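Labels below follow one simple rule: chain letters A, B, ... track the order of the sequence lines, proteins then strands, and each chain is numbered from 1. Because the structure is a prediction, the values reported are computed rather than measured.
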Number of protein chains: 2
Amino acid sequence: MSHDGADLARSSTPPKRVRNAAATREAILRSAVIAFTRHGYDGVGVREIAQSAGVTAMLVNRYFGSKEQLFTEAVDTAFAPRTVLSDNPATLAGDVAARLVERTAPESEHLDPFLLMLRSASNPRAAEIVRAGVERHAGRYLSELLEGPDADERAMLAHSVIAGFWLMRKMLGSTALVTADPDELTRRLEALLVIALSPSREK
Amino acid sequence: MSHDGADLARSSTPPKRVRNAAATREAILRSAVIAFTRHGYDGVGVREIAQSAGVTAMLVNRYFGSKEQLFTEAVDTAFAPRTVLSDNPATLAGDVAARLVERTAPESEHLDPFLLMLRSASNPRAAEIVRAGVERHAGRYLSELLEGPDADERAMLAHSVIAGFWLMRKMLGSTALVTADPDELTRRLEALLVIALSPSREK
DNA sequence: GTCTATATAATGATAGAC
DNA sequence: GTCTATCATTATATAGAC
């Protein structure tokens, strides 16, 4: 499929793909993030990921060594950008609540890192990789944003609330949360996040 | 361990197990609850479950039809008893918070239905089965205990908080939550649950 | 009532051709 | 740089012996 003759203009390759290691690696990684987010670590095979990237399964191991190492890079890629976190501490809880309700809506098909986390956490190996990723990115960023004592603890408690909500509303599809009024739900979530993020009153 | 030959004492079968359909079924179901809680729906095979029950994999399908139907019964069995919920609405939040911190402690190996839920939710089929189980048991019980409007929504929001905490502290092993002071953690969780369970102020 | 043996399909990973 | 072909393992589920 391809001739790289210089002057054979007419029959020049309709090249379905450039043979480029870096680009191929990139394509596999992008497919991996999507697939792992949709189906979790155990729920997807390397064949499937490779096919979405337009290559064969072999190249996955060629470029990443193993499924586990591919997952490690995918987690890092997925958690690097901010998704639900805003940068203004004053409006943080409200912003997060609003985006969360929006993204967990039944009609939304948003691919969120929290889904990657929830769907992969049942595998202990994957869970450890995800823990490291969370603490390195979102957790660390949020901790730095918070003032007062126990910033890490409060950040992870907020993550607990967010993750639990993703699980019950989007993954499980809890009837009460799916049919609830979004504005009402947003207010409740905001109240929860305010509590989770606040420094403790007593000591 | 029983020989049922009346007078053939010597050559009677050294029966390693009583051939009893009901008892075998029960044993399989008990093993299934444990295995599914430890490893999730996709994380365990029928062979493994059968072996723990002292039988072969064949009998699982014989008595339950399929792995999926076995899971359905296991979910029902696991969610039937109350685990973290107390029966006094006034002390509910505090009671749940205390038990939760205790059971998610690093040294605890408690097999909680929430673990079964979290570890199986990545499989869509299993997630639907779990959703039905939760709404039928714990969710319904909690809803009836609550007074005021939106009882279902508040109940599921509380479940979100509990599930998220199980995930971040026990499954992921978040450093901040593992090393946090348990009393401090309990106070924060109690505050979160109070908010989750309270009827909304405005409307 | 329970077993052994097997059918069928999928997995992660690798060897070697081009 | 990428492919086809294959290995070894494991999964659920079933057929038929005892």
K.L.:
Of the candidate nucleotides D:dG1, C:dT2, C:dG12, which contains the atom at the shortest distance from the side chain of B:Thr24?
P.N.:
C:dT2
K.L.:
Please state whether the phosphate of C:dT4, meaning OP1 or OP2, lies under 4.0 angstrom from any side-chain nitrogen or oxygen of B:Thr56.
P.N.:
no
K.L.:
Name the stems that DNA chain D belongs to, where each is three or more consecutive Watson-Crick or G-U pairs with both distances under 3.5 Å?
P.N.:
C:1-7 with D:12-18, C:9-18 with D:1-10
K.L.:
Can you sort out the partners of A:Pro182 under side chain to side chain contact (heavy atoms under 4.5 Å, CB included), two or more places apart, ordered by chain and number?
P.N.:
A:Val101
K.L.:
What pairs of nitrogen or oxygen atoms, one from the protein and one from nucleotides 5-10 of chain C, lie under 3.5 Å apart?
P.N.:
none

K.L.:
Side chain of A:Leu59, heavy atoms from C-beta onward: which of D:dT2, D:dT14, C:dT2 has the nearest atom to it?
P.N.:
D:dT2
K.L.:
Verify the distance criterion only: is there a donor paired with an acceptor across the side chains of B:Thr175 and A:Glu135 at less than 3.5 Å?
P.N.:
yes
K.L.:
Under a 4.0 Å threshold between the charged nitrogen and the carboxylate oxygen, would A:Glu184 count as salt-bridged to A:Arg188?
P.N.:
yes
K.L.:
For residues 62-77 of chain A, which residues have at least one heavy atom under 4.0 Å from DNA chain D?
P.N.:
A:Arg62, A:Tyr63
K.L.:
Give a yes or no on whether a salt bridge exists between A:Glu190 and A:Arg187, defined as a side-chain N under 4.0 angstrom from a carboxylate O.
P.N.:
no
K.L.:
Among residues at least two apart in sequence or on other chains, which ones pass side chain to side chain donor-acceptor pair (under 3.5 Å) with B:Arg25?
P.N.:
B:Glu73
K.L.:
Anything under 30° is parallel, anything over 60° is perpendicular, the rest tilted; go ahead and classify A:His159 against A:Phe114.
P.N.:
tilted
K.L.:
Take A:Arg169 and A:Thr104 through the test side-chain hydrogen bond (donor to acceptor under 3.5 Å, both in side chains) and record every step on the way to the result.
P.N.:
CA-CA 7 Å; A:Arg169 191 173 192 225; A:Thr104 57; 2.8 Å; yes
K.L.:
Which residues in residues 29-40 of chain A have at least one heavy atom lying under 4.0 Å from any atom of DNA chain C?
P.N.:
none
